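These notes concern the structure reproduced below.
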Amino acid sequence: MTLSNREIANIFDSVADMLELKGEIVHRVLSYRHAADAIRETPRSLSAMAEVGELKTIPSIGKTLEEKIQEMLATGTLQMYENLKAEIPPGLTEILHVSGVGPKRALRLWKELGIADLGQLKEAAEAGKLRAMSGMGAKTEQRILEGIEQLEKLKTEGRTPLGVALPIAQSLLDLLMEMPQAVNGSVAGSLRRARPTIGDIDLLVASDDPQPIIERLGSLANVARVLWTGPEKTSVELLNGKQVDLLIIPPDRWGAALHHFTGSQAHNIHFRELALEKGLSLSERGFKRVDTGEEVLVATEEEVFALVGMPYIPPEIREDWGEIEAALENRLPDLITLDDMHADLHMHTTWSDGTLSIREMANAALARGRKFIVITDHSRSLGITNGLSIERLLAHQQEIRQVDREMGGKIRVFHGTEMEITADGTLDYPDEVLEKLDFVIASLHTGLRQPREQVTMRILNAINNPHVDLIGHPRGQLIPNREPADLDMDAVFQAAKASGIALEINANPHRLDLEAQYARRAVEMGIPLSINTDAHRAGEMDLLHYGILTARRGWVEPASVINTWSLERFLEWAQKRGR
DNA sequence: GCCGTTTTCGGCCCGACTGTTTTCAGTCG
């Protein structure tokens, strides 16, 4: 059984933890961590890359780690890891992830108190045994207990989906920006980069008078308690348990601060190295000339980039996935925006599990400026959604044609389906039915936990059917708690490329599927993408921007997305696909 | 362990906060 990318990344992270506990130099530890992160963000399978000798094209993978990956692929294990596990109790790496416990403390907890896992740490802290150690007091003990609580909560609840955090953050920020002292404001952190899930909500406000703004946040209705407050920052916990960190920045330092707190950390490190090459040391407070020590304040992010000699890099792609090199060479992508979109090719009505009629959905789409839509109710085998029998599918078409006529050309309404790829891989409607439809989506909703070969075979079968135009939410993940299906994405992309089919970026914030790195790979291979809301009610049509954010993270330009095409071009493309 | 128009060795971002110190190590983002 070949190890997956995820499993290999997890082993590298464990190795990093154990090396850190052993007191290994920090840069060696970081090499393993960076490699683990890079592997998680790699859209191709390591085994396929190993076969063609391309492992070293992954950033942070050099000769040594390439060999270790090859060893894992060949043997299913890593001897070095096994040796480390014999030396360091594996449970000890768990307590390394408690906030307030680093490698030094973890090691001392083990050696001096015999604590080897999270449970033992909790027990000892509750019994007040930690404060006996030199350098540890009651406060540290308390902080560790809170850290354990936080970690346990994260395990049960998972991270916060973007679609939950962003509206909360934006509404809090709007309230703070009503203050006369607030000059400028932004969400920051992974939320501004639009990662699919985030930890804490980071807010930045520019002002010369922090206190009133800090007090305002603490007094808002959905704030449960103030966790901590200082002269320029504060942390609060919302009623829903989410933590919000607010930082107030002097307006003349805004650019540097916003850049710093947007990250990612990897982007910042790389960017600062470049700044140093230009004799500039960059921190969240601004630049400093290395030779004279003179401060150079930057009020806008544009100036931050300009001082290091590059154009503005949009926040969504600041992950150190090559954006800095691209900026230096003036080949940043012209990222897609919401304004580029004028079609939605995936939505449901009361014919299956939607809440509005075809007519109501058409009007809702028209009100949002869409020029054409496809009604794609579920197919017959998905009984729980009231999926359409062939007879109902044909009646469905009649009503759609009627609504399309009624709309008088203000918006075009087409007839499609979101057809099940059933558990045995057959498609839910025969070809002679599919060829009557304007547009066919095929999706997996069942059997997502099947073994890799089986689930991949099913999706390839759909891709290879000439009547299928789009694979809906290809990986089947649900954010934050359902993992994607174990698909061989290299095979999926190759088949998609060969068949000319499109792949979806499902805009629903619980899906965001394809995720950014896969979207980017698809574009690189010349596979068309389609960004759709999968709306079951009118309001869900307003979630389109999450799909746009995801596409932007994947370096997607408008031309790669069929929803940006003219009606004529879309129809011509769909015609060519077997009908 | 990675990486390279100041390359194959010697670097590897930067500052703030915390608690327990007696001048700073450890941790965090």
Side-chain angles (χ1 to χ4, degrees), chain A residues 12 15-16 19-21 23-39 55-69 80 95-109 130-144 146-147 150 188-193 198-202 204 227-235 243 245 247 249 253 256-257 259-288 290 295 304 308-309 320 324-325 328-329:
Chain A
F12 276 163
V15 167
L19 290 176
E20 192 171 24
L21 285 165
E24 186 57 73
I25 59 158
V26 66
H27 297 109
R28 187 172 175 225
V29 173
L30 284 173
S31 295
Y32 281 91
R33 289 208 205 290
H34 291 156
D37 290 341
I39 289 168
L55 286 175
K56 277 165 73 175
T57 63
I58 301 172
S60 313
I61 305 289
K63 188 165 182 292
T64 306
L65 293 185
E66 179 188 35
E67 284 169 6
K68 287 184 166 37
I69 293 171
M80 171 212 200
I95 77 173
L96 206 51
H97 298 121
V98 174
S99 178
V101 181
K104 303 279 164 49
R105 275 183 190 153
L107 199 65
R108 289 187 57 207
L109 287 165
L130 301 188
R131 65 186 75 176
M133 275 171 56
S134 72
M136 298 264 276
K139 282 191 178 173
T140 304
E141 195 171 68
Q142 183 57 32
R143 191 169 156 220
I144 288 174
E146 284 165 14
Q150 218 179 352
S190 51
L191 195 50
R192 184 161 182 246
R193 302 200 310 279
I198 59 119
D200 298 337
I201 294 172
D202 293 316
L204 294 190
L227 297 171
W228 181 88
T229 191
E232 292 176 337
K233 44 176 94 166
T234 184
S235 289
Q243 185 173 329
D245 298 333
L247 184 58
I249 313 291
R253 297 181 188 272
H259 179 259
H260 171 79
F261 286 102
T262 298
S264 67
Q265 194 183 21
H267 169 94
N268 285 355
I269 290 171
H270 191 170
F271 189 79
R272 286 174 183 195
E273 284 168 357
L274 277 179
L276 276 180
E277 287 175 18
K278 300 204 175 260
L280 293 165
S281 166
L282 174 63
S283 79
E284 64 255 49
R285 306 188 49 77
F287 288 96
K288 250 184 219 158
V290 175
E295 265 201 312
V304 173
V308 184
D320 201 22
I324 289 174
E325 292 83 352
L328 286 172
E329 294 163 19

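All chains are named by letter (A, B, ...) in the order of the sequence lines, taking the proteins before the strands, and each is independently numbered beginning at 1. Worth knowing before you read on, the calculation uses all heavy atoms, side chains too, and leaves out hydrogens, waters and symmetry mates. Nothing here was measured: the structure is a model prediction, and the numbers come from that model.
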Without decimals, in angstroms, what is the distance between [X] [atom1] and [N] [atom2]?
X      : N      : atom1 : atom2 : result
A:I39  : B:dG1  : CD1   : P     : 14 Å
A:K56  : B:dC2  : NZ    : P     : 9 Å
A:L30  : B:dG29 : CG    : P     : 15 Å
A:K278 : B:dT5  : NZ    : P     : 14 Å

- Task: Would you indicate what A:Y32 reaches in the nucleic acid, counting non-hydrogen atoms under 4.0 angstrom: base, sugar-phosphate, or nothing?
- Result: sugar-phosphate

- Task: Check whether any side-chain N or O of A:W228 sits under 4.0 Å from OP1 or OP2 of B:dT18, and answer yes or no.
- Result: yes

- Note on the structure: Reading nucleotides 20-28 of chain B from 5' to 3' and marking B where a protein heavy atom lies under 4.0 Å of the base, S where only the sugar-phosphate is that close, and - otherwise, the string is SS----SSS

- Note on the structure: A correct 5'-to-3' footprint of nucleotides 9-15 of chain B, with B, S and - meaning base, sugar-phosphate only and no protein heavy atom under 4.0 Å, is ---BBSS

- Whichever of A:R28 and A:D202 has the more 5' nearest nucleotide on DNA chain B, that residue is A:R28

How far does the [atom1] atom of [N] sit from the matching atom of [M], given to the nearest Å?
N      : M      : atom1 : answer
B:dT8  : B:dC2  : C1'   : 12 Å
B:dA25 : B:dG10 : C1'   : 25 Å
B:dT21 : B:dC17 : C1'   : 15 Å
B:dT6  : B:dC12 : P     : 16 Å
B:dT27 : B:dT20 : P     : 14 Å
B:dC28 : B:dC13 : C1'   : 14 Å
B:dT18 : B:dT22 : C1'   : 16 Å

- Message: One pair to check against side-chain contact (heavy atoms from CB on, under 4.5 Å): A:F12 and A:K68. What are the steps and the verdict?
- Response: CA-CA 9 Å; A:F12 276 163; A:K68 287 184 166 37; 4.1 Å; yes

Rounded distance [0.5 Å steps], [atom1] in [X] versus [atom2] in [Y]:
X      : Y      : atom1 : atom2 : answer
A:Q243 : A:D202 : CD    : CG    : 9.0 Å
A:L280 : A:L274 : CG    : CG    : 11.0 Å
A:L30  : A:L19  : CG    : CG    : 11.0 Å

- Message: With salt bridge (Lys or Arg N to Asp or Glu O under 4.0 Å) as the rule and sequence neighbours excluded, what pairs involving residues 278-287 of chain A come up?
- Response: none

- Tell me the partner of B:dG29, counting only Watson-Crick (N1-N3 plus N6-O4 or O6-N4) or G-U wobble (N1-O2 and O6-N3) with both under 3.5 Å; none if nothing fits. B:dC14

- Message: Could you walk me through whether A:H259 and A:H267 satisfy the side-chain hydrogen bond (donor to acceptor under 3.5 Å, both in side chains) test, starting with their C-alpha distance in whole Å, then the side-chain angles of each, then the deciding distance to 0.1 Å, before giving a yes or no?
- Response: CA-CA 10 Å; A:H259 179 259; A:H267 169 94; 3.1 Å; yes

- Message: Between A:V290 and A:L276, does the side-chain contact (heavy atoms from CB on, under 4.5 Å) criterion hold? Intermediate values first, please.
- Response: CA-CA 8 Å; A:V290 175; A:L276 276 180; 4.0 Å; yes

- Begin from the C-alpha positions of A:F271 and A:D320 and carry the test side-chain contact (heavy atoms from CB on, under 4.5 Å) through to its verdict. CA-CA 9 Å; A:F271 189 79; A:D320 201 22; over 6 Å; no

- Item | Chi angles and distances behind the side-chain contact (heavy atoms from CB on, under 4.5 Å) call for A:I69, A:I39 | CA-CA 10 Å; A:I69 293 171; A:I39 289 168; 4.2 Å; yes

- Task: Please tell me if the side chains of A:R193 and A:T262 come closer than 4.5 Å, counting only heavy atoms from C-beta onward.
- Result: yes

